[in-house]
Amino acid sequence: MTQMILDQQRIRAANEIHPTPDVKFAYGTAGFRMQADKLDSIMFKVGIIAALRSLKLNGATIGVMITASHNPEEDNGVKLVDPRGEMLEQSWEGLSTELANARDADTILSVIDSIVAKYNINVDNKANVIYAYDTRPSCPALVASLKDGLDAAGADSTDFGLKTTPQLHYLVKCINTKGTNDAYGEPTEEGYYVKLSEAFKTLMKGKPAMPTISVDCANGVGAPKLKEFLKYIDSNVWSANIVNDDIKTPGKLNYNAGADYVKVQQKAPLGAVLNAGDRYCSFDGDADRLVYYYADDAGVFHLLDGDKIAGLAAMFIMDLVKTAGVDSINVGVVQTAYANGSSTKYLTGQLKVPVSFVSTGVKHLHHEAEKYDVGVYFEANGHGTVLFSPEALNTIKTSEGRTPAQNTALTQLQALTELINQTVGDALSDMLLVEVILTHRHWTCQEWDQAYTDLPNRLAKVVVADRTIFKTTDAERRLVEPQGLQQEIDTIVSKYSNGRSFVRASGTEDAVRVYAEAATRTETDSLALAVAQLVYDRGGGVGSAPSI
Ligand code: 16G
Ligand code: MG
């Protein structure tokens, strides 16, 4: 048994109070996520994992965020944040899953022992953990369970209260870099607003203000946080009208609102009546995703999703790098298979920017983006950010322009590195980035939208007996198993003009997702239905046959 500071008696006691239900838990794409009433035991175990991870990293501060993002209010979830504000290192997911599924106290203690042994953890260190949560009614009880785990593990922990997910990532990075050469900022919520607002003001200096934007906050934590941010900005410089800001009424969180709803339904959220020419955007429930939209003169809804944001950001940064005379800095974009085919064509054909493809999930995009000097990564669903490498940051900071124009561009680039949350996608920070670019270009949403026209696309969901039989390769763009299925998909796809379709098991839901795009809406729907039917037939479909 472990000799460490972990208090075995307390772990046993905590396990009594927070018994593990008969559920198969897995640390998925974004941590543990499910109906909130099944999560109690997970929370105290996550407290222990967070402490162990901190011990492993010599007491560096680890973050824990309690949220289920865009998922329904009755769900909740928890994820761990590594010291530099990144997602938990993947190699820890397996053992976290093992601990989550351990039921009796002896098994729990022996899994803890194996983690200590495997990672050669120095138990003399002191663990440091911070945590925060969103507006879900289930959060307070889950926080209490988390705290039991942290206490049992002897961790020093700080409750940062209600925060957006990206704010928690920001805080973790600030705490761990405080006093170093690459100090990220003040580790307070105020510090976050100050950093973003100062950078924003620098970038907006001398530019005429645009009309007020409407921001749908999905009745989630983004609403109070955006209100707070607005206090730091003169409304003559920039103003926002917040819709869906009711975080008190039960049942409203994410209900027919928020970035996921708007992206999937391809329509405006509840509470937003679109006036032609105005700008609208939506955050998701924990404010780490952003999509824009507008209505044209005929009143038709148009979506500007993560792909459009990536294109806009890459275009602007490439121009700025050139104007600043630091074109040794290379810019790259990272996408997933869900990126609209037209967006990839625009990036490679028009912007001539390198594009790499990775599997779904922020951790994959983030790491790939780190390979560029400036790595722009966005999922079509609106989660993304821009990463500046240490070398790029240094070049921007130390270069001296030969002309006033070059100096202005360098100042703006420097401000961009501070405006953009480099730990993770951040709806507030990303929105400010988009607002800066539109202001600099004097563009409406409609003008921004003209970069390229999205191919019509459709996402379908098929419930099957066992989704783990669906195995993919090539950044999830092709199936290797079940055998032969990819060939059948290829045959179907070849019948459609500009057709593309792929199939992958969801990492967050018990279902298989089917994506399809083609030249026309009718063709797209027909393609999506045909592939969904194939998956249903050959993959062991459960329940009623797919419909679109
Ligand atoms: C999670 C991921 C998101 C991804 C989505 C895919 C993070 C923080 N979030 O929400 O990036 O797009 O899962 O869901 O990584 P799916 O596997 O169910 O399609
Ligand atoms: Mg989210």
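In each ligand, atom 1 is the first atom listed, and ligand 1 is the first ligand listed.
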S.K.: I'd like to know whether the aromatic ring centres of Tyr131 and Phe160 sit less than 6.0 Å apart in this structure.
M.R.: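 For Tyr131 and Phe160, the ring centres are not under 6.0 Å apart.
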S.K.: Among all protein heavy atoms, pick out the one at the shortest distance from atom 13 (O) of ligand 1; state its residue, atom name and that distance to 0.1 Å.
M.R.: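 So the nearest neighbour among protein heavy atoms is Thr508 CG2, 3.5 Å.
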S.K.: Give the atom name of whichever N/O/S atom in Asp286 sits closest to the Mg ion (ligand 2).
M.R.: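 Atom name returned: OD1.
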S.K.: Find the distance between NZ (Lys363) and CD (Glu86) and round it off to the nearest 0.5 Å.
M.R.: 13.0 Å
S.K.: Quick one: does ligand 1 sit under 4.0 Å from the side chain of Arg513, the backbone, both or neither, non-hydrogen atoms only?
M.R.: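 Side chain only; the backbone of Arg513 stays clear of ligand 1.
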S.K.: For Gly507 and ligand 1, does the shortest N/O to N/O distance drop below 3.5 Å?
M.R.: yes
S.K.: Report, in ascending order of atom number, the atoms of ligand 1 lying under 4.0 Å from any heavy atom of Ser506.
M.R.: 16 (P), 17 (O), 18 (O)
S.K.: Any N/O/S atom, backbone or side chain, of Asp260 lying under 2.8 Å from the Mg ion (ligand 2)?
M.R.: no
S.K.: Any idea which N/O/S atom from Asp284 gets closest to the Mg ion (ligand 2)?
M.R.: OD2
S.K.: Indicate if the distance from the Mg ion (ligand 2) to the nearest N, O or S atom of Ser69 falls below 2.8 Å.
M.R.: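 Yes.
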S.K.: Kindly compute the distance separating CG (Asp430) from CG (Leu419), expressed to the nearest 0.5 Å.
M.R.: 9.0 Å
S.K.: Working to the nearest 0.5 angstrom, can you tell me the gap between Glu481 CD and Thr473 OG1?
M.R.: 11.5 Å
S.K.: Can you list the atoms of ligand 1 that are under 4.0 Å from a heavy atom of Asn381?
M.R.: 12 (O)
S.K.: Just go through Glu509, Met87, His70, His364 and tell me whose heavy atom is the nearest to atom 8 (C) of ligand 1.
M.R.: Met87
S.K.: Does ligand 1 have an atom under 4.0 Å from some heavy atom of Gly361?
M.R.: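 Distance cut 4.0 Å: Gly361 passes for ligand 1.
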S.K.: Which ligand 1 atoms does Ala30 reach within 4.0 Å, using its non-hydrogen atoms?
M.R.: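 Under 4.0 Å from Ala30, ligand 1 has these atoms: 7 (C), 8 (C), 9 (N).
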S.K.: Can we call the ring centroids of Tyr119 and Trp92 under 6.0 Å apart?
M.R.: yes
S.K.: What part of Asp288, side chain, backbone, both or neither, has a heavy atom within less than 4.0 angstrom of ligand 1?
M.R.: neither
S.K.: Once you round to the nearest 0.5 Å, how far does OG1 of Thr97 lie from NZ of Lys24?
M.R.: 9.5 Å
S.K.: Ring-plane angle category for Tyr293 and Tyr280, please: parallel below 30°, perpendicular beyond 60°, tilted otherwise.
M.R.: parallel
S.K.: Assess whether atom CZ of Arg84 is packed by more than 12 heavy atoms of other residues, nucleotides or ligands within 6.0 Å.
M.R.: no
S.K.: Taking the six-membered ring for Trp, is the centroid-to-centroid distance between Phe502 and Tyr338 below 6.0 Å?
M.R.: yes
S.K.: Between atom CZ of Arg538 and atom CD1 of Ile469, what is the distance when rounded to the nearest 0.5 Å?
M.R.: 9.0 Å
S.K.: How far does CD of Glu189 sit from CG of Leu168, to the nearest 0.5 angstrom?
M.R.: 11.0 Å
S.K.: Any N/O of Val362 closer than 3.5 Å to an N/O of ligand 1?
M.R.: yes
S.K.: Looking at ligand 1, does Glu379 have a heavy atom less than 4.0 Å from it?
M.R.: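 Yes, Glu379 has a heavy atom closer than 4.0 Å to ligand 1.
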S.K.: Looking at atom 10 (O) of ligand 1, what's its closest protein heavy atom, distance included?
M.R.: Arg289 NH2, 3.5 Å
S.K.: Taking 4.0 angstrom as the limit and counting only heavy atoms of Thr360, give me the atoms of ligand 1 inside it, by number and element.
M.R.: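 Heavy-atom distances to Thr360 below 4.0 Å select 4 (C), 6 (C), 12 (O).
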S.K.: So which N/O/S atom does Asp288 have closest to the Mg ion (ligand 2)?
M.R.: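 This turns out to be OD1.
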S.K.: With under 30° as parallel and over 60° as perpendicular, where do the rings of Phe25 and Phe32 fit, or are they tilted in between?
M.R.: perpendicular
S.K.: Are any of the N/O atoms in Arg504 less than 3.5 Å from those in ligand 1?
M.R.: yes
S.K.: Considering heavy atoms of the protein only, find what lies nearest to atom 2 (C) of ligand 1 and give residue, atom and distance to 0.1 Å.
M.R.: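 Answer for atom 2 (C) of ligand 1: Thr29 CG2, 3.9 Å.
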